[in-house]
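To find a chain, count down the sequence lines: A is the first, B the second, and so on, and within it residues start at 1.
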Amino acid sequence: MAKTYLQELIRKSLKVYTGTKGLELPPGFAYDLVVTRDPSHGDLAVNIAFKMAGILRQKPPVIAAEFLQILETENDRLQNSVIERMVIAGGAFINFYLKKASLGQVLEDAVRQDRDYGKSDFGKGKKVLLEYVSANPTGPLTIAHGRQAAVGDSLYRILKATGHETDSEYYLNDGGRQMNLLGKSLWARYRQELQLDAELPEDGYQGAYLTDLARKLVSEKKDSLLKQTEEQAADFCRSYACQEIMETIRRDLHDFRVEFDHYFSEQTLYKKNSVQKCLEFLTDKGHLYEQEGALWFRSTAFGDDKDRVIRKTTGEYTYLAPDIAYHRYKFDRGYNKLVDFLGPDHHGYINRIKASCQALGYDAGQIEIRIVQLSTLFRNGQPVRMSTRAGEFVTLRELMDEVGIDATRFFFIMRKVESHLDFDLDLAKQKSQENPVYYLQYAHARIASILRNAGRAVETDVNLERLCEEEETNLIKFISDYPKALVQASEFLEPYRLADYLRDLAMCFHKFYAAHRVLSDDLELTKARLLLADAARVTLRNGLELLGISQPESM
RNA sequence: GCGCCCGUAGCUCAGUUGGAUAGAGCAUUUGCCUUCUAAGCAAAGGGUCACUGGUUCGAUUCCAGUCGGGCGCACCA
């Protein structure tokens with residue numbers, strides 16, 4: 001690869017340069033070698049002269065000129081066949097113009113590696129547990145969960161592609177008061193269904209899905225539940241509702257192309273006595289104390305605003321207790337990095353969780369908590385009002401049905417998770433130029449069409465020097481930048497970076513397509529362009545796959 | 001009051017973690033289908049990067065402060 005050669009060349013030249021200057025570079029010294037976007041800046045550029053200016057106390061252009069000389073000498077010594085020329089521009093950037101053949105080498109790599117193109121061992125040795133959605137099974141998934149599902153699942157795929165050992169997990173919060181309330185709500189709906197007088201508990205779940213569930217329950221059990229005590233019946237309703245709703249959730253996720261490696265039930269923690277053991281561990285370490293009849297966690301020792309109650313005076317645990325035990329259990333299973341996606345209502349929770357992980361003896365950097373902001377649906381330019389409490393909300397299922405899976409996933413992914421998302425239903429539904437997801441898929445379909453029309457297989461042994469048009473060079477550069485884009489999405493845990501990259505890649509292809517024909521009478525050129533088109537197809541397909549978006553052969 | 005996020009084109013947002021002339025999409029205006037998919041391409045207009053200082057070869061990016069917006073601050077889950 002051309003970039004590898006350049007890295008080596010610069011490294012060697014730097015050694016020579018510092019040697020002649022008698023200069024010791026500081027340990028953190030770094031410079032950037034980047035693929036340029038502007039063709040007038042060459043193919044690659046390095047800012048090393050700027051970076052050394054402060055250390056050498058010399059003007060950047062002076063350093064650049066001196067360094068360029070050494071580069072030239074070293075380049076000759078290495079008998080390079082990669083670099084066409086090197087020039088200083090923009091003050092003290094050193095721009096590299098590559099020979100067409102070496103620039104295009106990446107096309108052959110991409111097509112040969114096919115589904116493996118872009119993969120890396122960036123995350124080697126990291127064992128990551130990714131937790132997302134984790135919705136309480138008290139109702140169908142909403143669009144808020146949908147965004148987490150889309151982002152989490154894409155990140156899961158990206159982490160794997162970049163060499164992380166990754167598992168995904170759904171935390172089933174089935175132990176608490178909300179579940180009891182759900183059981184009582186269903187119990188009430190059940191009796192109502194039997195024409196009995198019953199009222200929903202205060203703050204009970206009002207959604208229509210519970211009425212449907214009650215109807216199903218009646219058809220299965222008739223009026224047999226009435227023979228049980230109030231408590232038994234509500235208890236049965238609780239587990240029945242939980243099971244049924246989880247079934248719906250799994251189906252929704254599956255249809256949304258989201259599969260979890262594990263569903264982890266909170267109740268497991270109690271069965272294994274994990275909460276108790278965890279509290280004992282923390283007590284031994286001196287992180288807990290009793291005050292006014294409650295048990296407190298000294299989270300302020302790890303930067304939290306105030307200490308947190310972990311067991312109430314009533315003897316009940318707060319939500320924090322099982323959660324700490326859960327995170328401990330995650331680490332116990334051998335993961336050295338935990339990533340949690342949480343809803344915005346858990347904002348104040350981050351410090352507590354981080355503090356507790358530190359108290360357990362882990363590094364704060366081993367846990368990443370990302371808040372996934374809410375989305376607002378817009379219809380006809382107006383926000384769609386929603387209220388979970390009143391049972392008025394748009395479910396993920398409804399959204400999928402209305403706008404389709406591809407567009408839904410893309411819209412959820414295309415923004416940073418921490419920024420509020422405006423989801424324009426009308427735009428997402430339009431099968432037109434305004435819809436960004438079609439822009440990507442259309443590029444893929446166009447290439448597929450060309451390959452069908454070519455009447456010949458793509459060959460990797462072609463004359464790459466024929467690819468010298470500006471649109472061609474640009475496309476090649478973008479294709480070669482794909483592995484880097486993946487690593488960045490992975491490193492920052494932000495799938496939107498991949499979505500942005502793919503949009504740019506598609507743009508490069510569309511521009512190339514509009515300017516030049518792939519198939520022509522010139523056989524040599526046709527072969528070269530077929531390879532280019534196929535490499536673009538491979539890259540687009542691999543990227544879309546990681547976003548969980550389909551890659552149509554025709555549209 | 002404290003903490004977190006945000007402030008970039010009329011609107012929605014990028015800006016490669018300090019680099020070259022700040023970019024896309026939508027919207028507006030105008031061109032391009034007898035040739036591989038026009039769900040596409042080309043061109044035009046549109047900016048005090050909220051404001052003020054600081055750090056340096058260089059700041060939309062980092063730091064401090066000010067203004068403005070969103071969210072979170074329970075012995076709730």
Side-chain angles (χ1 to χ4, degrees), chain A residues 32 34-38 40-41 45 47 49-51 53-54 57-61 63 89-93 95 136 138 173 175-179 181 291-296 304-306 308-320 323 344-351 371 373-374 378 381 414-416 418-422 424 427 430-443 445-454 471 481 484-485 488 491-492 496-497 499-501 503-504 506-507 509-520 526 529-530 533 554-555:
Chain A
D32 307 300
V34 296
V35 176
T36 61
R37 295 196 110 172
D38 186 338
S40 68
H41 298 157
N47 61 356
F50 288 109
K51 295 293 181 189
R57 293 164 185 274
Q58 267 186 317
K59 296 280 183 196
I63 300 171
F93 287 99
N95 294 341
N136 287 0
T138 55
N173 198 196
R177 187 176 296 172
Q178 294 301 316
M179 293 308 296
L181 193 57
Q291 190 179 333
E292 294 167 10
L295 186 64
W296 294 72
D304 198 5
D305 300 339
K306 48 184 163 184
R308 306 292 170 176
V309 171
I310 212 164
R311 193 181 58 218
K312 298 184 252 181
T313 44
T314 60
E316 290 175 295
Y317 292 126
T318 63
Y319 188 70
L320 191 56
D323 236 40
D345 49 334
H346 288 71
H347 201 139
Y349 214 65
I350 299 176
N351 285 338
I371 296 296
Q373 280 295 341
L374 294 177
F378 281 80
M414 72 182 179
R415 300 273 177 254
K416 293 189 248 227
E418 68 263 26
S419 41
H420 196 98
L421 175 72
D422 285 347
D424 188 333
L427 179 61
Q430 277 183 47
K431 288 188 171 21
S432 77
Q433 52 187 335
E434 290 143 47
N435 194 330
V437 71
Y438 292 109
Y439 189 77
L440 304 185
Q441 294 181 314
Y442 188 55
R446 267 185 156 175
I447 300 171
S449 174
I450 293 171
L451 296 177
R452 277 194 302 272
N453 290 335
E471 291 84 359
D481 236 13
K484 185 178 158 198
Q488 274 177 357
E491 185 177 2
F492 300 111
Y496 86 91
R497 286 172 186 257
D500 268 5
Y501 164 83
R503 204 158 20 176
D504 287 342
M507 184 180 70
F509 177 77
H510 286 308
K511 284 185 179 186
F512 159 72
Y513 179 91
H516 310 286
R517 278 189 63 86
V518 173
L519 307 175
S520 68
T526 299
R529 284 183 173 166
L530 272 173
S554 66
M555 290 172 72

Nearest atoms (heavy-atom pairs only) where [X] meets [Y]:
X	Y	value
A:Phe50	A:Gly90	CZ-O, 3.9 Å
A:Met179	A:Thr138	SD-CG2, 3.8 Å
A:His516	A:Glu471	NE2-OE1, 2.9 Å
A:Leu440	A:Ala506	CD2-CB, 3.7 Å
A:Tyr349	A:Leu320	OH-CA, 3.3 Å

Please report the distance, rounded to the nearest Å, between [atom1] in [X] and [atom2] in [N].
X	N	atom1	atom2	result
A:Glu471	B:C41	CD	P	12 Å
A:Arg57	B:U56	CZ	P	11 Å
A:Tyr349	B:C76	OH	C1'	11 Å
A:Leu320	B:C75	CG	P	11 Å
A:Met507	B:C41	CE	P	9 Å
A:Gln373	B:C13	CD	P	12 Å
A:Ile447	B:U37	CD1	C1'	12 Å
A:Met555	B:A38	CE	P	12 Å

Determine the interatomic distance between [atom1] on [N] and the same-named atom on [M]; round to the nearest Å.
N	M	atom1	result
B:G65	B:G3	P	10 Å
B:C32	B:G10	P	30 Å
B:G18	B:U55	C1'	11 Å
B:C11	B:A27	C1'	8 Å
B:C75	B:U16	P	41 Å
B:A59	B:C71	P	35 Å
B:G46	B:G69	P	30 Å
B:U8	B:U48	P	12 Å

Is the phosphate of [N] approached by [X] (side-chain N or O, under 4.0 Å from OP1 or OP2)?
X	N	answer
A:Lys312	B:A77	yes
A:Lys511	B:A42	yes
A:Lys306	B:C2	no
A:Tyr439	B:C41	yes
A:Tyr319	B:A77	no

Which residues share a side-chain contact (heavy atoms from CB on, under 4.5 Å) with [X], sequence neighbours left out:
X	value
A:Lys59	A:Pro61, A:Val62
A:Arg37	A:Phe478, A:Asp504
A:Lys51	A:Phe29, A:Tyr31, A:Asp32, A:Asn47

Across the strands shown, which category fits [X] at heavy-atom distances under 4.0 angstrom: base, sugar-phosphate, nothing?
X	answer
A:Ala45	base
A:Asn351	nothing
A:Ser554	base
A:Ala454	nothing
A:Asp323	nothing
A:Glu292	base

Q: Determine, for A:Phe509 and A:Arg446, whether the Lys NZ or Arg CZ falls below 6.0 Å from the six-membered ring centre while staying within 45 degrees of the axis.
A: no
Which atoms of nucleotides 8-12 of chain B (N or O only) lie under 3.5 Å from a protein N or O atom, and what are those distances?
unit_1: B:U12; atom_1: O2'; unit_2: A:Arg415; atom_2: NH2; d: 3.4

So which protein N/O to nucleotides 17-19 of chain B N/O distances come out below 3.5 Å?
unit_1: B:G19; atom_1: N7; unit_2: A:Asn47; atom_2: ND2; d: 3.2

Q. If you find the nucleotide of RNA chain B closest to A:Arg503 and the one closest to A:Gln178, which residue's nucleotide is nearer the 5' end?
A. A:Arg503
Q. Between A:Arg497 and A:Ile350, who's closer to the 5' end of RNA chain B by nearest nucleotide?
A. A:Ile350
Q: Consider the side chain of A:His41, meaning its heavy atoms from C-beta on, and name the nucleotide among B:A14, B:A20, B:C75 that approaches it most closely.
A: B:A20
Q: Tell whether A:Asp504 reaches the base of B:A14 with its side chain through a donor-acceptor pair below 3.5 angstrom.
A: no
Is there a donor-acceptor pair closer than 3.5 Å between any side-chain N or O of [X] and the backbone N or O of [Y]?
X	Y	result
A:Thr36	A:Ala45	no
A:Thr526	A:Leu519	no
A:Arg529	A:Arg517	yes

Q. How would you label the glycosidic angle of B:C33: syn (within 90° of 0) or anti?
A. syn
Q) What residues form a side chain to side chain donor-acceptor pair (under 3.5 Å) with A:Gln488, not counting sequence neighbours? A) none
**Q.** Partners passing salt bridge (Lys or Arg N to Asp or Glu O under 4.0 Å) against A:Asp500 (at least two apart in sequence or in another chain)
**A.** A:Arg503
Q: Using the test salt bridge (Lys or Arg N to Asp or Glu O under 4.0 Å), find all partners of A:Lys306 that sit at least two apart in sequence or belong to another chain.
A: none
Would you list the protein and nucleotides 59-61 of chain B atom pairs, both N or O, that sit under 3.5 Å from each other?
none

Collect all protein-nucleotide pairs involving nucleotides 33-36 of chain B in which both atoms are nitrogen or oxygen and the distance is under 3.5 Å.
unit_1: B:U35; atom_1: O2'; unit_2: A:Arg517; atom_2: NH1; d: 2.9
unit_1: B:C36; atom_1: O4'; unit_2: A:Arg517; atom_2: NH2; d: 3.4
unit_1: B:C36; atom_1: O3'; unit_2: A:Asn453; atom_2: ND2; d: 3.1
unit_1: B:C36; atom_1: O2'; unit_2: A:Asn453; atom_2: ND2; d: 2.6
unit_1: B:C36; atom_1: O2; unit_2: A:Leu519; atom_2: N; d: 3.2
unit_1: B:C36; atom_1: N3; unit_2: A:Val518; atom_2: N; d: 2.9
unit_1: B:C36; atom_1: N4; unit_2: A:Tyr513; atom_2: O; d: 3.1
unit_1: B:C36; atom_1: N4; unit_2: A:His516; atom_2: O; d: 2.5

Q: Can you run through RNA chain B from 5' to 3' and write each base as (, ), [, ], | or . depending on how it pairs? Watson-Crick or G-U wobble, both distances under 3.5 Å.
A: (((((((..((((.....[...)))).(((((.......))))).....(((((..]....))))))))))))....
Q | Results of ring-ring contact (aromatic ring centres under 6.0 Å, His included) for A:His510 - residues two or more places apart only | A | A:Tyr439, A:Tyr442
Q: Could you tell me whether the side-chain ring of A:His510 sits stacked on the base of B:A38, using a centroid cut-off under 5.5 Å and a plane angle under 30°?
A: no
